[in-house]
Visitor: 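My structure is below; once you've seen it, I'll send some questions.
Predicted model only: the values in this text are computed from it and were never measured. So you know, we letter chains A, B, ... as the sequences are listed, proteins then strands, and number each from 1.
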2 protein chains.
Amino acid sequence: MGTRERRLRELAEREQRFLDSAREQISEHGLLSLQMAKVARACDYATGTLYQHFASKEDLLLSICADQAEKRVESMARAAHWDAPSRDRMIALVVADVLFAKRHPDHFRLAQYVTTEVIWRAASQKRRDAVLEAHGPIGELVSQVVQDAIDAGDVASFKLRPLEIAIGPWALSEGMHNLVHAEGILDFYDLRDPYRLLLRHSHIHLNGLHWQPLFDPFDDEALTAQLNHICATLFDDLCPEGTGYRYCSPH
Amino acid sequence: MGTRERRLRELAEREQRFLDSAREQISEHGLLSLQMAKVARACDYATGTLYQHFASKEDLLLSICADQAEKRVESMARAAHWDAPSRDRMIALVVADVLFAKRHPDHFRLAQYVTTEVIWRAASQKRRDAVLEAHGPIGELVSQVVQDAIDAGDVASFKLRPLEIAIGPWALSEGMHNLVHAEGILDFYDLRDPYRLLLRHSHIHLNGLHWQPLFDPFDDEALTAQLNHICATLFDDLCPEGTGYRYCSPH
DNA sequence: ATCATCGAATGAACCCGATTCATACTCCGC
DNA sequence: GCGGAGTATGAATCGGGTTCATTCGATGAT
């Protein structure tokens with residue numbers, strides 16, 4: 001019965017078209033002017049059809065988030081499984097996040113909006129779990145690298161679980177995204193190149209963990225060199241601007 | 001003319017009652033079930049009256065945020081102006097944020113929601129500026145402490161502006177609030193006592209800045225002792241649970 | 001070729017809640 | 001008591017998410 005498979009494939013295609021269209025509308029006109037009817041119209045469908053794929057507007061937004069979270073995790077996984085010293089892998093994780101943020105500047109805003117909205121509602125336990133599970137791999141990847149570092153004797157052995165250590169770099173990263181995307185703080189203070197700041201501070205943080213320092217995090221040339229190396233080795237596809245210095249300021 | 005002043009005073013009082021009522025409703029039933037009509041009713045006014053104070057629902061939410069941001073800054077200012085070594089002041093800043101977060105658990109959720117919503121809309125420029133300006137002092141306070149530390153020779157002198165250094169601890173703090181409040185990540189991973197984690201990581205981060213370490217950040221007893229000292233000295237009023245260990249886990 | 005079946009599509013109708021506005025009230029100085 | 005500025009009112013309006021009774025069209029059995 002090829003009919004059934006064709007139906008399922010068409011369903012998935014339609015769903016993806018809805019998702020893409022919604023995402024496009026968001027990044028063009030902002031989240032608040034996203035209207036279910038417009039999304040449907042943009043794909044030449046009636047409103048009701050959209051509701052056969054997504055139970056509600058919240059559901060649609062969550063689906064977009066989950067869709068993007070997969071991509072985010074994918075590149076982080078590449079970093080975590082890199083065949084390199086744990087310190088390099090740790091930095092590569094941050095680089096992955098930075099590149100993702102540059103690639104999908106709307107994602108964090110949307111994710112933030114969605115998660116706050118969902119948590120406030122405290123209903124729809126299932127969806128909430130879905131969002132949490134989307135984050136699951138991130139914590140696992142980060143703490144795995146920390147565990148490796150402990151095993152290899154690269155950092156002092158702590159009485160803490162790896163995730164309790166990993167939460168620091170993670171929070172640092174999240175917070176920087178926050179400041180960049182949600183509050184406009186960095187513009188307010190005229191802080192250029194926020195992602196370089198993030199990378200620098202990740203180095204600082206790792207030094208505080210008594211990690212074996214590779215170089216002074218305030219040495220700009222060394223930092224750039226390391227970033228280029230990581231980008232070229234792991235994330236070539238995420239750096240489409242050409243060769244050389246892949247990590248370019250958004251300003 | 002006492003009439004004019006009385007009118008203004010009554011206006012301010014009414015406005016404050018609206019703000020308090022709205023905040024109460026939010027923390028009781030969640031942001032999403034906040035209704036303008038209910039807020040008005042709860043204060044024994046009609047809907048229209050509420051709109052004489054706040055141009056829109058967004059305006060009301062923004063006002064709540066600005067109101068709370070003032071309190072947050074107040075306690076941070078106390079920390080920044082403490083007559084103590086810069087390292088202690090830096091930690092005290094984090095403690096202030098932690099105590100504030102424990103005192104007003106809803107604030108960060110609301111702030112996040114509001115800022116994302118407002119940034120998306122890009123309307124109501126005035127209130128938006130108000131929110132940004134509410135953050136202004138935070139950056140100034142933090143970078144002032146860093147500058148003092150540089151001047152005193154407590155940290156290596158960098159080629160960076162103080163705020164470019166301060167942004168690290170700040171982002172760390174923001175990110176941890178994020179993970180705690182918005183995403184429920186820490187519960188998901190069964191990470192207890194997130195604020196202790198934040199404080200611990202602040203120590204780690206400062207160590208990475210080549211700050212003079214006061215003690216091993218993984219030494220729980222020393223950490224507790226320092227926290228108690230800071231709480232008792234600076235934030236006695238924010239620690240109402242009695243004497244002794246003021247910093248108690250939310251779990 | 002005809003017909004029964006069923007999943008998909010439709011969009012007008014419904015509902016909820018933010019916002020507006022024409023009207024009414026209250027207080028004050030004169 | 002009067003005029004008017006400032007306030008209060010809540011029914012009406014409006015926008016947009018969600019529902020559902022109906023229609024459509026492909027499929028496959030007779």
Visitor: When the distance from CG of L50(B) to P of dT9(D) is rounded to whole Å, what number comes out?
Guide: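 Rounded to whole Å, this separation is 11 Å.
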Visitor: Would you mind reading off the distance between K57(A) atom NZ and dG16(D) atom C1', rounded to a whole angstrom?
Guide: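 Spelled out: NZ on K57(A) to C1' on dG16(D) is 8 Å.
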Visitor: Under a 3.5 Å cutoff, is there a donor and acceptor pairing between the side chains of H53(A) and R14(A)?
Guide: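 Side-chain D/A pair, H53(A) to R14(A): present.
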Visitor: How close or far is atom P of dA18(C) from atom CZ of F18(B), stated in whole angstroms?
Guide: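 Nearest whole value for this atom pair: 14 Å.
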Visitor: When you check the side-chain N and O atoms of E174(A) and N178(A), is any donor under 3.5 Å from an acceptor?
Guide: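 E174(A) vs N178(A): no donor-acceptor pair found between side chains.
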Visitor: Report all interatomic pairs (protein N or O, nucleotide N or O of nucleotides 23-26 of chain D) with separations under 3.5 Å.
Guide:
none

Visitor: Counting heavy atoms from C-beta on, name the nucleotide in dA8(C), dT18(D), dG11(C) closest to the side chain of R14(A).
Guide: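 Of dA8(C), dT18(D), dG11(C), dA8(C) is nearest to the side chain of R14(A).
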Visitor: In whole Å, I'd like the distance from the CD atom of Q35(B) to the P atom of dG17(C).
Guide: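 Interatomic distance, CD of Q35(B) to P of dG17(C): 4 Å.
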Visitor: So L8(B), base contact, sugar-phosphate only, or nothing? Heavy-atom distance under 4.0 Å.
Guide: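 Touches nothing.
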Visitor: Using only side-chain N and O atoms of Q52(B), determine if any of them is under 4.0 Å from OP1 or OP2 of dT7(D).
Guide: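 It does not, given that no N or O in the side chain of Q52(B) lies less than 4.0 Å from OP1 or OP2 of dT7(D).
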Visitor: Does the R72(A) side chain pair with the main chain of F100(A), one donor and one acceptor, at a distance under 3.5 Å?
Guide: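 Absent.
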Visitor: With a 4.0 Å cut-off on N to O distance, would you call R9(A) and E13(A) a salt bridge?
Guide: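 Salt bridge between R9(A) and E13(A), a charged N being under 4.0 Å from a carboxylate O: yes.
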Visitor: Between T47(B) and T47(A), which is nearer to the 5' end of DNA chain C once each is assigned its nearest nucleotide?
Guide: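 Mapping each residue to its closest nucleotide by heavy atoms, the 5'-most match is T47(A).
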Visitor: Please tell me which of the listed nucleotides, dA8(C), dG10(D), dA18(C), lies nearest to the side chain of M36(B)?
Guide: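 Selected nucleotide (nearest to the side chain): dA18(C).
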Visitor: What is the separation between atom OH on Y51(A) and atom P on dT18(D), rounded to the nearest whole Å?
Guide: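 Spelled out: OH on Y51(A) to P on dT18(D) is 4 Å.
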Visitor: In whole angstrom, give the distance that lies between atom CD of E10(B) and atom P of dT7(D).
Guide: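 Value for this atom pair: 9 Å.
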Visitor: 5'-most contact on DNA chain D: L11(B) or A37(A), nearest heavy atom basis?
Guide: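 Its nearest nucleotide being more 5', the pick is L11(B).
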Visitor: May I ask you to decide if the ring planes of F18(A) and F54(A) are parallel, tilted or perpendicular, using 30° and 60° as cut-offs?
Guide: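 The rings of F18(A) and F54(A) stand perpendicular, inter-plane angle above 60°.
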Visitor: Between D20(B) and R17(B), is there a side-chain N and carboxylate O pair less than 4.0 Å apart?
Guide: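 Salt bridge absent between D20(B) and R17(B).
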Visitor: Is there a donor in the side chain of H107(B) and an acceptor in the side chain of H177(B), or the other way round, less than 3.5 Å apart?
Guide: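 Short answer, no.
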Visitor: Rounded to whole Å, how long is the line connecting atom CZ of R41(A) with atom P of dA12(C)?
Guide: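 From R41(A) CZ to dA12(C) P: 10 Å.
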Visitor: Without decimals, in angstroms, what is the distance between H53(A) NE2 and dT18(D) P?
Guide: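 Going from NE2 in H53(A) over to P in dT18(D) covers 16 Å.
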Visitor: Are any of T49(B)'s side-chain N or O atoms less than 4.0 Å away from OP1 or OP2 of dT9(D)?
Guide: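 It does, given that an N or O in the side chain of T49(B) lies less than 4.0 Å from OP1 or OP2 of dT9(D).
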